[in-house]
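Encoded as structure tokens, the structure appears first; notes follow it.
Lettering of chains follows the sequences in order, A, B, ..., and the numbering in each one begins at 1. Quick note: numbers below take in every heavy atom, side chains included, and nothing from hydrogens, waters or symmetry partners.
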There are 2 protein chains.
Amino acid sequence: MSLPHAILTALLEKPSSGLELTRRFDRSIGYFWSATHQQIYRELGRLEGDGLIRTLPSEKPARGRRKEYEVLPAGREELARWAAEPQAPRTVRDPLLLRLRAAAVVGGVGLEDELRRHLELHRAQLAEYDAIERRDFPPAPDRPREDRLRHIVLRAGIELETFWTTWLTGALDELAGAPDQAGTAP
Amino acid sequence: MSLPHAILTALLEKPSSGLELTRRFDRSIGYFWSATHQQIYRELGRLEGDGLIRTLPSEKPARGRRKEYEVLPAGREELARWAAEPQAPRTVRDPLLLRLRAAAVVGGVGLEDELRRHLELHRAQLAEYDAIERRDFPPAPDRPREDRLRHIVLRAGIELETFWTTWLTGALDELAGAPDQAGTAP
DNA sequence: AGATCCATGTAACAGGTTACATGATTTA
DNA sequence: TAAATCATGTAACCTGTTACATGGATCT
């Protein structure tokens, strides 16, 4: 149950229309919680129905007409409640790891190419995060707590991408010495 | 679409009943692809219907009776096809990161305790992985490719848990110098 | 008037979660 | 024989994905 809270966070940072939210979920927020416009519109409807957000009264609402939302006090309270609530860490569920394990059983042809492709993608993402860090968080003493929190989240992204690049590099090295023999399993 | 392939991999490693699979999804395979018994039984039914697996002919199948499954040639082919197929890297979707970002907006009370709790959980998981590595992959030259692949997957688990522990430690350090001021945002 | 965006939706489906139901086997 | 445990399932619901539909504004 995180999408509604992701939307509340985004709307508190800045009141927005559905399409603007969708764009923001392709960038900053989307770096750790992605969502499509269909999900977002569905959830905006629910949040409004639950009295956690409302549309800014501007023009008459109609199908093709822009609607801007803002968070109501009840929405802010719900977000604070959720953020403080104890939750279990997310269990890992990664198809790439599963595919490596499958390759150990059925023999992986073309697997190394796929690992190289992922390595390039993760390198590119890491470069993007590094640029954001240089731009938004230059070295400075005594930052306000909000900025520290945002920086900590960005650091998670940077360190995660660093993990992937070093791990993939190591995996390719390790496999370089072992020729593929497809279908050796019983 | 990974659960069926996780099950095919597990069944190729060792033919099993639904409950045995469930137990294995709480350990080894579950470390990177978790699933409940309800999901597993539903998927076993589909895989059998699609002719990718079959029940070992032993006793008459009935409601409370154990059924053991094995993979058919078509299932092995499907798994090999899927494992070789190019796929996009999994996008990050982590509630903890979202909660930190929310805390930057609504002020996080009790957040540090939650970070400490997660740190302990990740430390414990890391210790477990380290023990498995010592037991199953002691230093040795020239391992077969299958073993290398399995070791690479375990390394991913180890390095991921290492990332979480170092990142959480750093986050707690960083926050130690910034007192909480709930509700400072507009 | 038609093409092209901008913007908000609908519908159908697949996958994951939670709660509950039921039969078979072992053990106190 | 009752309880506990092993084992397989059903049902309802929620989230996420994919494909498609529709209205409004702008530009040529």
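At a non-hydrogen distance threshold of 4.0 Å, A/Ser17, A/Gly18, A/Leu19, A/Arg23 from residues 14-30 of chain A come into contact with DNA chain C.
A sub-4.0 Å separation between OP1 or OP2 of C/dA11 and a side-chain N or O of A/Arg42 is absent. Neither OP1 nor OP2 of D/dG16 sits under 4.0 Å from any side-chain N or O of A/Gln38. For B/Tyr41, a side-chain nitrogen or oxygen approaches OP1 or OP2 of D/dT8 to under 4.0 Å. For A/Arg46, a side-chain nitrogen or oxygen approaches OP1 or OP2 of D/dT15 to under 4.0 Å.
A distance of 11.5 Å separates CD1 in A/Ile40 from CZ in A/Arg42, rounded to the nearest 0.5 Å.
Regarding B/Arg93, its CZ atom lies at a distance of 12 Å from the C1' atom of C/dG16, rounded to whole Å. Nucleotide C/dG15 holds its P atom 10 Å from the CH2 atom of B/Trp33, rounded to whole Å. What separates CD of A/Glu48 from C1' of C/dT8 is a distance of 13 Å, to the nearest Å. The CE-P distance, from A/Met1 to D/dC14, rounds to 10 Å in whole Å. Taking atom NE2 on A/His37 and atom C1' on D/dC20, their separation rounds to 10 Å, with Å as the unit. The separation between B/Arg65 atom CZ and D/dT5 atom P is 21 Å, rounded to whole Å. Whole-Å rounding puts the B/Lys67 NZ to D/dG9 C1' distance at 9 Å. Rounded to an integer number of Å, the gap from CD of B/Glu43 to P of D/dT10 is 14 Å.
Residues A/Arg81 and A/Glu78 are paired through a salt bridge, judged by an N-O separation under 4.0 Å between the basic side chain and the carboxylate. Between A/Arg99 and B/Glu85 there is no salt bridge, since no side-chain N of the basic residue sits under 4.0 Å from a carboxylate O of the acidic one. Salt-bridge annotation for B/Glu70 and B/Lys14: absent, with no side-chain N of the basic residue lying under 4.0 Å from a carboxylate O of the acidic one.
Ring geometry, A/Tyr129 versus A/Tyr31: the interplanar angle exceeds 60°, so the pair is classed perpendicular (tilted spans 30 to 60°). Ring orientation note: the planes of B/His118 and B/His122 are tilted relative to one another, at an angle of 30° to 60°.
Contact between B/Leu175 and B/Glu112 at its shortest, heavy atoms only, is CB-OE2, 3.5 Å.
Here the side chain of B/Arg66 is nearest to one of D/dA7, C/dT18, D/dT17, namely D/dA7.
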